[in-house]
Amino acid sequence: MIMRTLFLILTAFSVLSGPHIAARGVDQAIIQPPPAEFEVTFFPVAPYHIGDVLSARVTYTGEADIGGIQITAALADEPDQILETAAFSQNTRQANFYWLYDTQTRLTGFLSFRFEVPDFDLAWTQGVHLLPDPGSRRAAWSVAHSPCCTLHYLTGTDAEADLPGITAALEESSASVLAQFTAAGVLQENPIQEPLSIVLVPIVIGHGGFATNEAVLTYTQDNWAGIDFATLAHHEIVHVVDRLINTQGPRPSIFVEGIAVYFSGGHYRPGDALQRGAALLALDMYLPFSEIVDDFYAAQHEISYMQAAALVAYLDLLWGWEAFIDFYFNLPEGESDSEIISAALQASFGIPLDELEAEFIASLGSLERDPQVEADVRLTVDTYEMLRRYQTLAIPSAHFRTAWWPPVRQMREAGIVGDYAYREKAPVNLVIENLFIEAHAALDANQGTQAETALEKIDEILSRVEDAEGNLTPQATGWPLILHPHRIGRP
Ligand SMILES: [Zn+2]
């Protein structure tokens, strides 16, 4: 009876409200709430301004098989004009709408989009608040040429100001990478037929650099990721050259990263690869191969990279560089990286991977302990753990697991800069990033205690950010800043 009464009431309501909704199609669209299992993030990150070319990333958290399912996006007030169609990746369970809408001609206020997943019979609206055009955003892509490299940068950034020094550092890095591979006898001629493409961006994404078919590197005078530009450039150039010359067969991540770290003289911080590996072992931070070889990028980042470099250094010592590169360049296909390496080890040297690991550990254990290196290794790990904690809590678009790094070549071709050019910072960002710069400077000066103090302060602020669910007053973070940021990361 109750159900029947409810049904009648609802029917009466729908009759009354039916024509009303039909007449207000736009409003109807605006009130469709997003389903719980779909999360939309707009980029470039908030706050959004007139002039932004907006992208959207839709993440699916439900149980259904989402791979290949299509999703469309339109403006909510023009729902029939599809702006873009994207498909969900089975892997990431995400669909990306790159540069969906140019807000140049919009007015300030709320801009609403309509998303639709026809296969799931779902549609909803979601949007952003547009603030006025800041009027100061004039960055554009520009390019400089040198013998080794084609250097893409943004006008008005530190990279433009420091161009001569950067060019010199890149020339040096690429020459040294080529010399390092040549030493292994694998290069008959220079594999770089065309200059390497290097892109410099002023914002920190991930740990300050990533490479696809071109290397994208953070370049800013106040680099709170603390990475030495020349080391980072060297690391990423190794990846680019490696991909150019090692085109056959699998390339296990532990070797890919191990070679890059070994060649560039350290990961984040300079240091002898074997000594740092020995420090990890002594500090009980060593990760068994069974935990890192097959899922390298999921392992603790600094430890896995330092260990990878130590392994490559060890094999260089054991076999000689030429034999190691010959081994790495001629690996057989296999189900997993550990299988691939193990099979090759058996075939060439008659030993399985676990035996090699036991010898590797024994060799690291035989090195004399160095308290200075151990402190540096421990603090390096602590610093970057804290950096990722900051990224997770305050700027997830920069954390490597959730990073927003749209295809940079397409952006250059389309003249879009926003995703890499601008990040507005709140006082909490400035305070924390300044403390990171202090921590890095202290580490460089071998002042472990000062580095620890800076990290403790960051930890305290981040805990308050967590407790306040983001609603932290600037004063609670230590604002205003008293210290002038150190300038590091210059070539
Ligand atoms: Zn790398």
Side-chain angles (χ1 to χ4, degrees), residues 148-149 169-170 173-174 176-178 180-181 184 191-192 196-201 203-219 223 225-247 250-271 273 276-277 280 287 289 292-313 315-316 324-325 328-329 331 337 340-341 377 380-381 383-385 387-388 391 398-403 405 407-408 489:
C148 78
C149 305
L170 290 174
S173 292
S174 59
S176 127
V177 171
L178 287 178
Q180 286 167 323
F181 276 112
I192 305 175
L196 299 174
S197 185
I198 311 272
V199 186
L200 299 181
V201 298
I203 61 166
V204 171
I205 308 180
H207 304 104
F210 59 96
T212 48
N213 53 353
E214 48 188 13
V216 182
L217 312 176
T218 294
Y219 189 87
N223 188 345
I227 295 168
D228 173 63
F229 176 75
T231 309
L232 178 64
H234 198 125
H235 181 114
E236 301 301 342
I237 291 172
V238 171
H239 286 327
V240 175
V241 173
D242 184 2
R243 273 195 208 106
L244 279 173
I245 57 178
N246 181 14
T247 51
R251 297 187 301 124
S253 308
I254 195 164
F255 290 148
V256 169
E257 297 301 346
I259 292 170
V261 176
Y262 183 47
F263 271 0
S264 58
H267 195 49
Y268 303 153
R269 308 196 43 69
R276 288 175 91 73
L280 287 171
L287 297 171
F289 281 180
I292 62 170
V293 172
D294 285 334
D295 204 358
F296 187 80
Y297 295 105
Q300 203 291 337
H301 184 87
E302 290 70 40
I303 299 178
S304 53
Y305 276 59
M306 282 191 265
Q307 251 181 245
L311 175 66
V312 171
L315 295 177
D316 178 14
F324 169 71
I325 283 291
Y328 169 57
F329 278 23
L331 290 167
D337 283 0
I340 290 164
I341 300 171
V377 162
T380 300
V381 175
T383 304
Y384 287 94
E385 284 285 357
L387 190 119
R388 286 186 292 273
Q391 290 175 326
H399 189 280
F400 76 105
R401 286 270 171 211
T402 46
W405 33 37
V408 71

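Read the numbers this way: they start at 1 and go in the same order the structure lists the ligands and their atoms. Residues: numbered from 1 along the sequence shown.
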Begin from the C-alpha positions of Val238 and Ser264 and carry the test side chain to side chain contact (heavy atoms under 4.5 Å, CB included) through to its verdict. CA-CA 8 Å; Val238 171; Ser264 58; 5.6 Å; no
Please walk me through it: do Arg276 and Thr380 pass side chain to side chain contact (heavy atoms under 4.5 Å, CB included)? CA-CA 11 Å; Arg276 288 175 91 73; Thr380 300; 3.4 Å; yes
Contacts of Phe400 that satisfy ring pair (Phe, Tyr, Trp, His ring centres under 6.0 Å) - sequence neighbours left out: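 Listed in chain order: His207, His301.
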Suppose we screen for ring pair (Phe, Tyr, Trp, His ring centres under 6.0 Å). Which residues come up paired with Phe263, at least two apart in sequence or across chains? Phe181, Trp321
Please list all pairs passing the salt bridge (charged side-chain N to carboxylate O under 4.0 Å, His left out) test where one or both residues lie in residues 253-265, with sequence neighbours left out.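 Sorted result for residues 253-265: empty, none.
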Using 2.8 Å as the cut-off, count the protein N, O or S atoms closer than that to the Zn ion (ligand 1). 3
Evaluate the salt bridge (Lys or Arg N to Asp or Glu O under 4.0 Å) criterion for residues Glu302 and Arg388: first the C-alpha distance (whole Å), next the side-chain angles of each, then the deciding distance (0.1 Å), finally the verdict. CA-CA 12 Å; Glu302 290 70 40; Arg388 286 186 292 273; 2.7 Å; yes
